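What you see is a predicted model, and the numbers here were worked out from it, not measured in a lab. Sequence lines set the chain letters: A, B, ... in the order given, protein chains first and strands last, and positions in each chain run from 1.
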Amino acid sequence: MPARARPLSPHLGIYRWQIGNTLSILHRLTGAALALGIVALCYWLISLAGGDAAYGSAIRVLWSPLGILFLVGWTFSFLYHLLNGVRHLFWDAGYGFERTQRHLSGWIAVVGALVLTSCVCLLVWHGARA
Amino acid sequence: MSLRSPLGRVLGTGSAKDGTGHWWAQRVTAVALIPLTLWFFFSLLLLPALDYETVRVWLAQPISSLLAVLSIAVLTYHSYLGTTVIVEDYVHSGSGKVVSLMLLRFLYVLIGGASIWAILRVALGSPAL
């Protein structure tokens with residue numbers, strides 16, 4: 001290989017942040033977060049097979065302040081990845097490429113995920129108090 | 001004029017040697033996960049409580065354990081496909097890439113296998129560990 005510096009495509013930093021690339025990055029970030037969530041899900045399932053005491057200690061970990069922070073994060077990640085994933089599937093089928101459609105569906109995915117996450121939190125909080 | 005070999009054109013593969021297999025598997029699992037994950041999420045959310053006995057009885061029901069096993073299987077496969085792309089994008093060294101892709105695959109088989117094993121133990125009423 002010749003040791004000659006070849007031209008590279010412009011680095012990410014040169015582009016202006018827009019809704020399209022922001023949501024694309026968020027899709028990958030939430031996907032990575034959900035991969036960690038699968039490990040937590042596995043831990044929870046094994047604790048269930050482990051019996052009452054093991055399950056109790058797993059719940060104490062997951063229901064600690066830090067655990068709840070992660071659970072809320074995973075809830076948002078799941079809902080956003082789901083909504084934005086459906087958006088991607090529509091693109092794969094050839095629909096929704098117009099500028100206004102792209103922007104509208106993007107905002108629906110983010111705002112929808114935030115609203116649904118709040119609903120889930122309220123529901124769980126209400127259930128825990130009742 | 002195309003530089004592709006006749007064999008490559010017949011097999012429909014590009015430089016990655018597996019054609020659209022990875023892409024297509026990611027879409028198929030994504031579609032399957034829409035009902036599966038929604039079922040899992042809402043089942044847990046709508047349980048009257050999340051104590052040991054309630055969750056154990058729920059997961060031991062035939063329909064719950066079947067759908068839970070399917071959810072875990074498809075979920076780990078979909079997640080494996082996604083994280084593989086992340087590693088391929090950001091790990092550039094040849095040996096580092098091979099080692100991390102192999103480790104990733106082992107981890108996913110371990111996590112998926114252990115989760116399904118746990119669900120089956122609950123479903124079949126095995127004694128607590």
Side-chain angles (χ1 to χ4, degrees), chain A residues 12 25 27-60 62-63 71 74-75 77-79 81-93 116-117 119-128 130, chain B residues 23-24 26-31 33-34 37-38 40-42 44-53 55-56 58-60 68-69 71-72 75-76 78-87 89-90 104 107-108 110-124 126-129:
Chain A
L12 264 182
I25 292 167
H27 194 74
R28 180 166 278 201
L29 281 180
T30 51
L34 288 168
L36 285 180
I38 292 178
V39 180
L41 185 63
C42 180
Y43 164 64
W44 180 75
L45 284 168
I46 290 177
S47 81
L48 189 67
D52 206 350
Y55 183 80
S57 60
I59 285 293
R60 272 193 297 282
L62 291 171
W63 216 243
L71 288 173
W74 281 322
T75 302
S77 298
F78 164 60
L79 293 166
H81 203 84
L82 177 71
L83 290 172
N84 201 50
V86 171
R87 186 168 168 247
H88 272 277
L89 288 173
F90 270 99
W91 286 338
D92 293 333
L116 288 173
T117 306
C119 291
V120 169
C121 291
L122 281 175
L123 198 70
V124 173
W125 186 52
H126 184 75
Chain B
W23 185 90
W24 181 243
Q26 198 164 36
R27 311 300 131 156
V28 174
T29 49
V31 172
L33 282 172
I34 297 172
T37 51
L38 281 176
F40 206 97
F41 190 75
F42 280 101
L44 285 179
L45 199 62
L46 297 177
L47 277 180
L50 286 177
D51 61 289
Y52 174 70
E53 205 45 38
V55 177
R56 195 193 60 74
W58 166 71
L59 193 62
V69 167
S71 301
I72 292 290
L75 197 61
T76 43
H78 181 82
S79 185
Y80 165 73
L81 292 169
T83 41
T84 297
V85 176
I86 297 181
V87 170
D89 279 355
Y90 298 121
L104 197 67
L107 272 177
Y108 269 103
L110 176 69
I111 294 287
S115 302
I116 290 171
W117 169 78
I119 296 168
L120 290 180
R121 282 193 71 90
V122 172
L124 300 174
S126 311
L129 293 165

Distance in Å, A:Cys42 SG paired with B:Ile119 CD1, rounded so as to fall on 0.5 Å steps: 9.0 Å
Between OG on residue B:Ser115 and OH on residue A:Tyr43, distance to nearest 0.5 Å: 13.5 Å
B:Ala114 versus A:Ile46, closest heavy-atom pair with distance: CB-CD1, 3.9 Å
Positions in residues 83-93 of chain A that reach chain B, provided some heavy atom is under 4.5 Å away: A:Val86, A:Leu89, A:Asp92
Point-to-point distance, once rounded to the nearest 0.5 Å, from CG of A:Leu34 to OG1 of B:Thr83: 11.5 Å
Stepwise side chain to side chain contact (heavy atoms under 4.5 Å, CB included) check, B:Arg121 with A:Leu48: CA-CA 9 Å; B:Arg121 282 193 71 90; A:Leu48 189 67; over 6 Å; no
Structural part of A:Leu82 lying under 4.5 Å from a heavy atom of chain B: side chain
Ionic contact status for A:Asp52 with B:Arg56, cut-off 4.0 Å: no
4.5 Å side-chain heavy-atom contact, B:Phe40 and A:Leu41: yes
Part of B:Ile116 within contact of chain A (heavy atom distance under 4.5 Å): neither
Part of B:Ser126 within contact of chain A (heavy atom distance under 4.5 Å): neither
Pairs flagged by salt bridge (charged side-chain N to carboxylate O under 4.0 Å, His left out) wherever residues 33-44 of chain A is involved - sequence neighbours left out: none
Part of B:Leu59 lying under 4.5 Å from any heavy atom of chain A: side chain
Side chain / backbone / both / neither for B:Phe42 at chain A, heavy atoms under 4.5 Å: neither
Interface residue of largest heavy-atom contact number with chain A, from B:Thr76, B:Asp89, B:Leu33, under 4.5 Å: B:Asp89
Region of A:Ile59 that comes under 4.5 Å of a non-hydrogen atom in chain B: side chain
Whether A:Phe78 and B:Phe41 hold their rings parallel, tilted or perpendicular, with breakpoints at 30° and 60°: tilted
Value rounded to 0.5 Å, distance of CG in B:Leu46 from CG in A:Leu123: 7.0 Å
Between B:Tyr52, B:Trp23, B:Tyr108, the one whose heavy-atom pairs under 4.5 Å with chain A are most numerous: B:Tyr52
Spacing of B:Ile72 atom CD1 and A:Leu45 atom CG [to the nearest 0.5 Å]: 5.5 Å
Region of B:Ile111 that comes under 4.5 Å of a non-hydrogen atom in chain A: both
B:Leu124 versus chain A, the contacting section by heavy-atom distance below 4.5 Å: neither
Minimum heavy-atom distance between A:Ala35 and B:Ser79, given as atom pair plus value: CB-OG, 3.6 Å
Most chain A-contacting option - heavy-atom pairs closer than 4.5 Å, from B:Thr37, B:Leu45, B:Ile86: B:Ile86
Working for side chain to side chain contact (heavy atoms under 4.5 Å, CB included), residues A:Trp44 and B:Leu44: CA-CA 12 Å; A:Trp44 180 75; B:Leu44 285 179; 3.6 Å; yes
